[in-house]
Every structure is written in structure tokens, then in C-alpha cells.
A.B. asks: 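There's a structure below that I have some questions on.
Quick caveat: nothing in here was measured; it's all calculated off a predicted structure.
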Amino acid sequence: MHPFDVLSVKDDLLLQALGQQLKQCRLEQRIGTVALASRTGISRNTLRCIERGDPSTAIGTYLRVMSALGVGVTFHLKAAAADEGSASDNVSHAMPVAAKRSGHHLQDIQSLALHREAVRRVKNNPALVTQAMDVLTRWLATSTPRTAPLWLEWQHILETRAWRKVLACTDRAQQLRQASPLLTILEPPARQAILTQVADLRRIADRK
């Protein structure tokens, strides 16, 4: 049990594996994203988030896509079978191919996990937003044409609490996380716990 209540890095990888499997099922059935999104009553962008394993998307939406693809029972049985194996084997089996090929993907997972923990803490203690905003104000005073747009967007995110923009599995969200003032609110123990999880996963990937 970790000292903070947050979906673990391993759980993030399992969710991404689910998204990849759902995408593979869609492709095997030759269903386009527009058709599947229409069938499930969601937007095409939401479907893309699901296929990326976006943790900010409601689990009920994942279940609707699974039902539309007719894979609910199949995925349930796979999950039950996985529970019978060792933790190490389960993580390695679920780890997306990109994570096994490159450490860059695990860095994205690490960044997402850190931000999710930071957002959880901000929700529990809204005063922490002021701390992040103070850091951002100092950054903006020395911003460059390259960094200013990202930091101005961060200013809007902090003011409006638009956390989904930061926690999404999109290219823009990744850019925002790379220029984030939010991680400055994390205490060293919380940060180190996530870094340790990622290091463990990297060792598992390297052994395969």
C-alpha cells in the first residue's frame, strides 16, 4: 500500500493495455471510429481517449465501448485469468508494446501519474493552487515566445481547475505536463514513490 491514494503506475499501464485491446477489436471488426462513436453515443475524440487508455475517461464509457464491440465477457475472463498469475508477469503482459521498446513511453506514464497525484492533492487542499500559481507567475516573468503560450494555458487551467486538459492522453496534454508548475506542490516522498514504481516497471521491461 502506498502512502497516498492514487491509481498506481501499474494500473495506468493496465488501462492503456485495455485501450489498445479495444482498438484492436475495433480494427478486427472493421469498424471505423465515427461508426463506433455513433453506436455508443460518444464523441470521436472520447473514443480516441479510450483507445489510448485515458484514465480521466469514466469507466462507464469504457464499458459502453466494450459492449458495442461484444467483448465484455472476453475481457472479464482475461482479467480474471491475469489475477491468477504473478504481479510481475501480469504487468509485463499488460505493458503496451511501446513501453517495452522505449523508455520514453514510461516517462509519459510517470509524468501522468505525478500529475494525477498532484491534482488529487489540490482537490483535497485547494490552497495548493495558490502555491502553484505563485510559481507560474515567476515563470511567466521570464517566459520566452516558446514557453509563454504553454504557461498562459496553465494559468487558465489553474484558475478554472480544468484538470482534464492536463490528465488527458493527448499530445497537447503531454506538452502541458512537460511545462507544468503543478508538480512543485508534491512533497519528495510522494514523488519518490511514483519514481520507484516506474523504475520497477523499467526493470521488468528490460528483462523481457
Side-chain angles (χ1 to χ4, degrees), residues 6-83 90-91 93-102 104-120 122-123 149-150 152-154 156-180 182:
V6 63
L7 187 66
S8 72
V9 177
K10 293 179 181 178
D11 289 334
D12 275 334
L13 285 171
L14 290 169
L15 191 56
Q16 288 198 23
L18 171 61
Q20 289 183 355
Q21 290 170 354
L22 289 174
K23 181 178 181 179
Q24 185 61 33
C25 286
R26 176 179 63 77
L27 294 174
E28 289 174 355
Q29 296 179 37
R30 299 183 180 180
I31 303 174
T33 55
V34 174
L36 184 56
S38 177
R39 184 183 303 179
T40 54
I42 62 177
S43 69
R44 192 179 182 188
N45 186 59
T46 298
L47 178 58
R48 289 197 184 101
C49 287
I50 288 173
E51 292 185 347
R52 292 188 184 107
D54 188 343
S56 67
T57 303
I59 190 62
T61 309
Y62 277 88
L63 294 175
R64 284 160 64 186
V65 173
M66 291 168 67
S67 178
L69 292 171
V71 296
V73 174
T74 301
F75 276 78
H76 174 74
L77 291 175
K78 285 183 179 179
D83 288 340
N90 289 346
V91 172
H93 176 73
M95 191 178 296
V97 174
K100 294 183 179 180
R101 286 199 305 257
S102 170
H104 178 69
H105 184 74
L106 280 178
Q107 287 299 113
D108 291 340
I109 292 290
Q110 173 179 294
S111 176
L112 179 59
L114 288 167
H115 279 84
R116 287 176 55 206
E117 173 61 10
V119 168
R120 187 191 71 83
V122 164
K123 288 180 177 179
L150 286 169
L152 288 173
E153 190 167 351
W154 261 110
H156 176 75
I157 290 169
L158 294 176
E159 290 172 350
T160 62
R161 312 301 198 264
W163 308 125
R164 288 179 66 90
K165 288 186 176 180
V166 180
L167 302 181
C169 295
T170 63
D171 291 341
R172 186 57 176 176
Q174 289 179 4
Q175 292 173 354
L176 286 167
R177 291 194 291 267
Q178 290 171 3
S180 173
L182 196 58

A.B. asks: Side chains of Gln175 and Arg172: any donor to acceptor distance under 3.5 Å?
C.D. replies: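 There is such a pair between these side chains.
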A.B. asks: Work out which heavy atom in Ala68 is nearest to a heavy atom in Thr40; give both atom names and the distance.
C.D. replies: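 Scanning both residues completely, I find the closest heavy atoms to be CB-CG2, 3.4 Å.
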A.B. asks: Salt-bridge test for Arg120 and Glu117: reply yes if a basic N is under 4.0 Å from a carboxylate O, no otherwise.
C.D. replies: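 Yes, Arg120 and Glu117 are salt-bridged.
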A.B. asks: Find the distance between NE2 (His156) and CG (Leu158) and round it off to the nearest 0.5 Å.
C.D. replies: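 If we round to the nearest 0.5 Å, His156:NE2 and Leu158:CG are 10.5 Å apart.
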A.B. asks: Might you work through the side chain to side chain contact (heavy atoms under 4.5 Å, CB included) test for Val71 and Gln21, ending with a clear yes or no?
C.D. replies: CA-CA 10 Å; Val71 296; Gln21 290 170 354; over 6 Å; no
A.B. asks: Hey, could you give me the OH/CD1 distance between Tyr62 and Ile42, rounded to the nearest 0.5 Å?
C.D. replies: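 Answer rounded to 0.5 Å: 10.0 Å.
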A.B. asks: Go through the steps to decide whether Arg48 and Glu51 satisfy the test side chain to side chain contact (heavy atoms under 4.5 Å, CB included), and finish with yes or no.
C.D. replies: CA-CA 5 Å; Arg48 289 197 184 101; Glu51 292 185 347; 5.7 Å; no
A.B. asks: So, taking the atom named CG in Leu18 and the one named CE in Met66, what distance separates them when rounded to the nearest 0.5 Å?
C.D. replies: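 With rounding to 0.5 Å, CG (Leu18) is 6.0 Å from CE (Met66).
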A.B. asks: Roughly how far, to the nearest 0.5 Å, is CZ of Arg26 from OG1 of Thr33?
C.D. replies: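 Nearest 0.5 Å value for the OG1-CZ distance: 5.5 Å.
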A.B. asks: Taking side-chain hydrogen bond (donor to acceptor under 3.5 Å, both in side chains) as the definition, give me every residue that meets it alongside Glu159, ordered by chain and number, with sequence neighbours left out.
C.D. replies: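 Counting only residues at least two positions away or on another chain, Glu159 forms no side-chain hydrogen bond (donor to acceptor under 3.5 Å, both in side chains).
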A.B. asks: If you round to the nearest 0.5 Å, how far is CG of Leu36 from CG of Leu47?
C.D. replies: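 The CG atom of Leu47 sits 5.0 Å away from the CG atom of Leu36.
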A.B. asks: Can you see which heavy atom on Ala168 is nearest to which on Ala173, and at what distance?
C.D. replies: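 For Ala168 versus Ala173, the nearest heavy atoms are O-CB, 3.1 Å.
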A.B. asks: If you count the non-hydrogen atoms of other residues, nucleotides and ligands that lie under 6.0 Å from CZ in Arg164, is the total more than 12?
C.D. replies: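 Counting neighbours around CZ of Arg164, 12 or fewer heavy atoms of other residues, nucleotides or ligands fall under 6.0 Å, so no.
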A.B. asks: Step by step, work out the side chain to side chain contact (heavy atoms under 4.5 Å, CB included) result for Arg52 and Thr170.
C.D. replies: CA-CA 8 Å; Arg52 292 188 184 107; Thr170 63; 3.8 Å; yes
A.B. asks: Once rounded to the nearest 0.5 Å, what's the spacing between atom CD of Glu28 and atom CG of Leu69?
C.D. replies: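 These two atoms lie 10.0 Å from each other.
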A.B. asks: Can you confirm whether Leu176 sits close enough to His115 that some side-chain heavy atom of one is under 4.5 Å from a side-chain heavy atom of the other?
C.D. replies: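 No. Closest side-chain heavy atoms not under 4.5 Å.
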